[in-house]
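Before any comments, here is the structure.
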There are 2 protein chains.
Amino acid sequence: MTGKADHEERRRQIAEALLRIADTEGLQSASMRAVATEAGVSLRLVQYYFTTKEGLLLDALARLGAQLQARMERWIGEARAPRAVVTAVLSCVLPTDAESRRITRTYAAYYTLVLNDPEVLAKQAAQPPAVLEGFLAKQLRAAREAGEIAPERDVEMAAAGLLAMVNGLGSSVLGGQRDGEQALAILRHHLDELFGGPGAG
Amino acid sequence: MTGKADHEERRRQIAEALLRIADTEGLQSASMRAVATEAGVSLRLVQYYFTTKEGLLLDALARLGAQLQARMERWIGEARAPRAVVTAVLSCVLPTDAESRRITRTYAAYYTLVLNDPEVLAKQAAQPPAVLEGFLAKQLRAAREAGEIAPERDVEMAAAGLLAMVNGLGSSVLGGQRDGEQALAILRHHLDELFGGPGAG
DNA sequence: ATTCGCATGGTACATGTGTATCACATGCAT
DNA sequence: ATGCATGTGATACACATGTACCATGCGAAT
């Protein structure tokens, strides 16, 4: 046989074709045929490897999530100081470079889909933000105990607010209202306000 | 003739049918036929009053914007104090009651559409946030000059951050991650932090 | 009474969609 | 050599969509 590596490779190839289309033209343009053409395979193959369109959408979403997580870990790097970690996590989801623009746009394309699908999709997509928020709160608490944040500050509230803010900032960048650098500046400003003042890069 | 009042009334009736569908089932389900059925008219009439689907979408979006603005003015009411105005504007766009949930969900439905349409739609939808942000900044500056906000605070940054935050909070509520009251609590917390402390109503 | 323009209904057409079906290859186990 | 599972192709089908076209009614101006 051709080996299971080829099988998974084909799936990856097709799913990434979907993500590419979702990024550039939106999910509504990601028909089975369009995905097949983009991936350079026949329509039948897309059907063969994913059976149904919902399966393809779900698989691609999972891959997108993995890509975002990989980007986060890359941005966190060897940072151990809570403030550096928080800054990395928040700023890496802002559409500032090509990769983040791609990921953000593609997530936005899925967003509308999730809103009107009480199916598995909603469950799959509502979990990551919650754990991320918990992670941020933990980091902020550590920073507070280290004296970098005023003791009276509520870290859960701050974490929720910051996460919502980068989400909204991302939307404004995608909507063409402002530029990625400006969004980053706004985020940095609020981080400076939360922590004592301007911190190291 | 039947009078121009009837004409405009028909347009309103049809456009609101679209908005109702966009709210409950998403814009992708808002086909010409579905809108016609929802409005209780024939497909031909939808064509007659709006010619093209794009025209219908644009008109409905304009009406949605008017509804949101009306809601804002209603929420601002007779409030004159900057803090009260800012609080009203920001909290009235959070999905806390039926009307705001409807408006927010419908805007979200349009959002994806705007992302992949460099047409008139983008221009039409990118303007309001900018003027709203300017309005908020002005209110915050007034509050700062009145001593309610620390003099070293940057009001433009704060306005941009708050607007992005309510936007992100709205998304999280729509995504089922939290409830409207919790979102409101997070917003209030950050307003308390920006202004000296808890304020009246 | 005729004519004209607006309003309305019904329906056709071309296209795009997801999915199903039939056909053929190719390689491995028996 | 034969049979069977996996991979691949081409095409058919049923349906939904936006838009265009033809016909009819009906009030008003001539």
Side-chain angles (χ1 to χ4, degrees), chain A residues 1-22 24-61 109-110 112-114 116-117 119-121, chain B residues 1-22 24-61 109-110 112-114 116-117 119-121:
Chain A
M1 57 168 159
T2 18
K4 267 201 172 174
D6 275 22
H7 192 82
E8 168 54 23
E9 174 57 18
R10 275 266 204 274
R11 283 177 65 94
R12 195 194 62 85
Q13 174 187 1
I14 295 173
E16 294 215 334
L18 201 212
L19 293 180
R20 228 172 304 138
I21 294 179
T24 57
E25 309 174 52
L27 266 186
Q28 62 274 97
S29 301
S31 69
M32 290 292 219
R33 286 165 178 82
V35 171
T37 303
E38 171 75 24
V41 300
S42 75
L43 167 61
R44 180 66 181 86
L45 278 206
V46 180
Q47 282 189 265
Y48 179 74
Y49 286 103
F50 291 99
T51 316
T52 174
K53 185 177 187 180
E54 184 183 347
L56 172 57
L57 283 170
L58 249 58
D59 184 85
L61 179 57
Y110 269 99
T112 310
L113 209 65
V114 171
N116 301 100
D117 279 16
E119 308 169 42
V120 200
L121 227 157
Chain B
M1 60 168 154
T2 21
K4 268 200 172 175
D6 274 22
H7 193 82
E8 167 55 21
E9 172 58 18
R10 274 268 203 273
R11 283 177 65 94
R12 194 193 62 86
Q13 174 186 0
I14 294 174
E16 294 215 334
L18 201 211
L19 293 180
R20 228 172 303 138
I21 295 180
T24 58
E25 308 173 52
L27 267 186
Q28 62 273 100
S29 301
S31 67
M32 289 291 217
R33 285 165 178 83
V35 171
T37 303
E38 171 75 24
V41 300
S42 75
L43 168 61
R44 181 64 181 83
L45 276 206
V46 180
Q47 282 189 265
Y48 180 73
Y49 286 104
F50 292 98
T51 317
T52 174
K53 184 176 188 182
E54 184 184 347
L56 172 56
L57 284 169
L58 249 59
D59 185 83
L61 179 57
Y110 269 99
T112 310
L113 210 65
V114 171
N116 302 101
D117 281 16
E119 307 168 42
V120 200
L121 228 158

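None of these values were measured; they are calculated from a predicted model.
Atom CZ of B/F50 is separated from atom C1' of D/dT17 by 19 Å (rounded to the nearest Å). To the nearest angstrom, P of D/dT17 lies 13 Å from CG of B/L27. The nearest whole Å value for the distance from the CD atom in B/Q47 to the P atom in C/dG10 is 14 Å. Counting to the nearest Å, the C1' atom of D/dA16 and the CD atom of B/Q28 are 14 Å from each other.
The distance from atom CG of B/L61 to atom CG of B/L56, rounded to the nearest 0.5 Å, is 11.0 Å.
For A/R44 and A/A30, each mapped to the nucleotide of DNA chain C holding its nearest heavy atom, the one lying further toward the 5' end belongs to A/A30. Between A/R33 and A/L45, the residue whose closest nucleotide on DNA chain D is further toward the 5' end is A/L45.
Between B/Y48 and C/dA7, a side-chain N or O to OP1/OP2 separation shorter than 4.0 Å is present. Using a 4.0 Å cut-off, no side-chain N or O of B/S31 falls inside it from OP1 or OP2 of D/dA16. The phosphate of D/dT8 has OP1 or OP2 within less than 4.0 Å of a side-chain N or O from A/R10. Distances shown here put a side-chain N or O of A/H7 below 4.0 Å from the OP1 or OP2 atom of D/dG7.
For the ring-ring contact (aromatic ring centres under 6.0 Å, His included) test, no residue two or more places apart in sequence or in another chain qualifies with A/Y110. By the side-chain hydrogen bond (donor to acceptor under 3.5 Å, both in side chains) test, A/D59 is found to be paired with A/R11, A/R63, residues two or more places apart in sequence or in another chain being considered.
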All N/O donor-acceptor pairs, side-chain side in residues 12-19 of chain B, below 3.5 Å, sequence neighbours left out:
residue: B/R12; atom: NE; partner: B/E9; partner atom: OE1; Å: 3.2
residue: B/R12; atom: NH1; partner: B/E16; partner atom: OE1; Å: 3.2
residue: B/R12; atom: NH2; partner: B/E9; partner atom: OE2; Å: 3.0
residue: B/Q13; atom: NE2; partner: B/A39; partner atom: O; Å: 3.0
residue: B/E16; atom: OE2; partner: B/Q67; partner atom: NE2; Å: 3.2

Can you give each donor-acceptor pair under 3.5 Å made by side-chain atoms of residues 25-36 of chain A, sequence neighbours left out, with the distance rounded to 0.1 Å?
residue: A/S29; atom: OG; partner: A/E25; partner atom: O; Å: 3.3
residue: A/S31; atom: OG; partner: A/A34; partner atom: N; Å: 3.1

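If you check residues 35-43 of chain B against DNA chain D, the residues with a heavy atom closer than 4.0 Å are B/L43, listed by number.
Counting any heavy atom pair closer than 4.0 Å across all strands shown, B/Y49 reaches sugar-phosphate atoms only and no base atom.
Sorted by first and then second residue, the pairs that involve residues 35-55 of chain B and meet side-chain hydrogen bond (donor to acceptor under 3.5 Å, both in side chains), not counting sequence neighbours, are B/R20-B/E38.
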